[in-house]
Amino acid sequence: MNESLDEMYRDIILDHYRSPRGKKPLEKTDIASEGHNPSCGDEIDVELQVDDDTVKDVHVNCHGCAISVASGSMLAEIVKGKTLAEAFRIAELVKKILKGEETEIPEDLGDLDALKGVRQFPVRIKCALLSWVTLMEGLKDYKSGQRGGKSSISTDDDKD
Ligand code: ZN
């Protein structure tokens, strides 16, 4: 990876950190999950408003480092308007990319490309993963019929 690419990634991440997307509270919350990343202290709430199996709106509230906040902001931006199945698939893809199991983002997922830069910093990978595993946990519980409660996950408990 060359230096200018690194800079581009950094700028995208800083932009999301400074003005996170998905700050507006939802009119109605259908899926709520919270996640913790003990290794860094990041905490996140991911909430979805669902209409006809599609994510109508997303609310993300993250208290943590720049990477965790930026990653949550990217999630809010990308998942809105997607079906629940697509949202889950994107989260799985991001997870693979962060873990180095997948090297390319095969479709145009916008700023998500910047998360690839995080792989150079192994201690930050869980920070970037946090929002996505939190989303996946909420989607899994919703699908299995555990609705109405709040899902919870720690990056330490996240297994494949
Ligand atoms: Zn962090």
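Scope of the values below: all heavy atoms of this structure, side chains included, with no hydrogens, waters or symmetry mates. Since the structure is predicted, the reported quantities are computational estimates derived from the model, not experimental observations. Each ligand, and each atom within it, is numbered from 1 in the order the structure gives.
In summary, K116 and D113 engage in a salt bridge, as defined by a charged side-chain N under 4.0 Å from a carboxylate O. In this structure, K28 does not pair ionically with D57, as no charged nitrogen and carboxylate oxygen lie closer than 4.0 Å.
Every residue was checked against the side-chain hydrogen bond (donor to acceptor under 3.5 Å, both in side chains) condition with S154, not counting sequence neighbours, and none meets it. By the salt bridge (Lys or Arg N to Asp or Glu O under 4.0 Å) test, R124 is found to be paired with no residue, residues two or more places apart in sequence or in another chain being considered. Residues satisfying the side-chain hydrogen bond (donor to acceptor under 3.5 Å, both in side chains) test with S71, not counting sequence neighbours, are S131, W132.
In this structure, a donor-acceptor pair under 3.5 Å is present between the side chains of N37 and D42.
For the Zn ion (ligand 1), the neighbouring protein N/O/S atoms at less than 2.8 Å, given as residue and atom, are C40 SG, D42 OD1, D42 OD2, C65 SG, C127 SG.
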